Amino acid sequence: MTSCQNKVCNPFYGEQPEQWVTEKVSAKVKEVLAEMQLTDDVLRQDMTVFEQNIERGLKKDTHPDSIVKCFITYVQDLPNGSETGKYLALDLGGTNFRVLLVDLAPGKCDLTSDIYSTPVELQTGTGIALFDHIAASLADFIKNHGLENEFLDLGFTFSFPLLQKGLRSGTLVKWTKGYNIPEMIGEDVVKWLREAIERRGDVKINVCAILNDTTGTLMSCAWKNPKCRIGMIVGTGHNACYLEKQSNAEMFDEPDLGSGKVIINLEAAALGDDGALDFLRTDIDREVDAESPNPGKQINEKLISGMFLGEVVRKYTLKFIKSGDMFGGKHDDVFSQRGIIQTSFISNIESDQTGHFDYCKQILAQIGITDASEQDMIDLRYICQLVSTRSAYLCAADASVLIKRIGEPDVVVGIDGSVYKFHPLFRRIMKEKMKDLLDPSFKFDLMLSEDGSGRGAALVAAMAAMRAA
Ligand code: BGC
């Protein structure tokens, strides 16, 4: 572990990408990496593809074959600040699994949360093992926080593609982000959770809502800022949701509760699964995809999210080692190891002040390299910059499409996820690019969601419980 792992360390947050020192980057690295630089024209092409895919996902006749699924979340309202009470929340789908107690009152939200690990064996084992672990963690949380005698409503943030049949029921469409438990596909996840809780018999709770982490992020940010209409995740995975008119959401099949709107979980990660983004993918992207747990799937996610950015950096570096252009042709054994370059390394390497290599040296030492030249580190940093900038540009393109679709003059985008949170320049790069891509008549802002999945789950649970009461 580097000393600055998972912290916003040494944040040269104000530093502009234009201030990058690129003249020292070796000519070969610059030349090859030119393919990673997306022009505004290419980004506009990406936006058109995304926009067309959203239309297909929303419409009844094209939805079955659509790539971007535009799942109905059944959340029709954003919070209005009157949500009150104590709720439990589960958050499964990122790097960690969390259990939270959320105490809501007007203008107040107290969170207590514990993190439980979900080892790889559980992510790729059996459904019973995973859900027994979830129920056991929930029971442990309840005991540790003295909640045994309360009967609490629970919101379940489940961050995988889910075909919902209502707020309390959703069948798993596919696993992503390294999870793979085939027997659960097509199963109602809420039913599995309820049954695991019943098997234990020591937990009294009411599962009253299931939601995606993007919905959690939107709800949580909208609770703080009523202009929020979009939720986005740039973490282990990538996705976005937004508030759509019910009249456009042809798959929506419940009565309007008054807002005329419904949140759509786009499942934007799948954009490109039909080859529609091939015009901007590189050979390295294709290699990363081929070696991933789900080749050919979640193509947009593989260009954007934390699960893959480190791999893209590793593959480019390996390419330059093999051609003798980096590390004197040495260390291909290190860079041949899948997963050795974590995405947090990118954030840390880019947190070094320009011309300094303190974090870079720490990271290289961590993976066993102590003989890097300054040129190697300049080139490595450049690779990181281009990989993270491309991710930020593609997020900017996605968010710009949604802002245009919503059509309101002033919209806030709530964003969560480790890449967005910890990369020192991500927000700035994304925001600047959105200004290039959007008509200046659209005002917008990007808002970091803090504890979005937890607070958002509690808010959805609160709204459901208060409506049922
Ligand atoms: C999942 C989405 C989720 C996103 C962010 C993707 O892999 O398909 O449902 O919202 O990751 O966690």
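Counting starts at 1 for both ligands and their atoms, following the listed order. Remember, it's a predicted structure, so these values are computed and weren't measured experimentally.
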Can you name the atoms of ligand 1, numbered from 1 with element, that are less than 4.0 Å from a heavy atom of [X]?
{"X": "Thr176", "value": "1 (C), 6 (C), 7 (O), 8 (O)"}
{"X": "Gln298", "value": "6 (C), 7 (O), 8 (O)"}
{"X": "Phe160", "value": "9 (O)"}

- Verify side chain to side chain donor-acceptor pair (under 3.5 Å) between Glu350 and His423, making sure each step is shown before the conclusion. CA-CA 8 Å; Glu350 290 190 57; His423 187 281; 3.0 Å; yes
- Message: Tell me if a side-chain donor or acceptor on Asp91 pairs with a main-chain N or O of Gly454 at a distance below 3.5 Å.
- Response: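 Side chain of Asp91 to backbone of Gly454, a donor-acceptor pair under 3.5 Å: no, none is there.
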- Examine Lys404 relative to Phe442 and say whether NZ or CZ is less than 6.0 Å from the centre of the six-membered ring and inside a 45° cone about the ring axis.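 No cation-pi geometry.
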- ligand 1 contact on Glu267 by region, counting heavy-atom pairs under 4.0 Å: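 Glu267 to ligand 1: side-chain contact only, backbone stays beyond 4.0 Å.
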- Decide whether the shortest distance between a heavy atom of Ala269 and an atom of ligand 1 is less than 4.0 Å.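 No, Ala269 has no heavy atoms under 4.0 Å from ligand 1.
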- Item | Derivation and outcome, side chain to side chain donor-acceptor pair (under 3.5 Å), residues Tyr74 and Gln76 | CA-CA 6 Å; Tyr74 293 91; Gln76 297 189 35; over 6 Å; no
- Task: Could you check Arg229, Arg405, Lys261 and say which one makes a side chain to side chain donor-acceptor pair (under 3.5 Å) with Glu244?
- Result: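 Among Arg229, Arg405, Lys261, the one that satisfies the side chain to side chain donor-acceptor pair (under 3.5 Å) with Glu244 is Arg405.
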- Message: Tell me whether Asn265 has any N or O atom under 3.5 angstrom from an N or O of ligand 1.
- Response: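 Looking only at distances, the answer is no, because the N/O contact criterion of under 3.5 Å is not met.
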- Message: Evaluate Lys177 for polar contact with ligand 1, using N/O atom pairs at a separation under 3.5 Å.
- Response: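 Lys177 vs ligand 1: N/O contact under 3.5 Å present.
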- Heavy-atom side-chain contact between Asp398 and His238 under 4.5 Å: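 Yes - at least one pair of side-chain heavy atoms lies under 4.5 Å apart.
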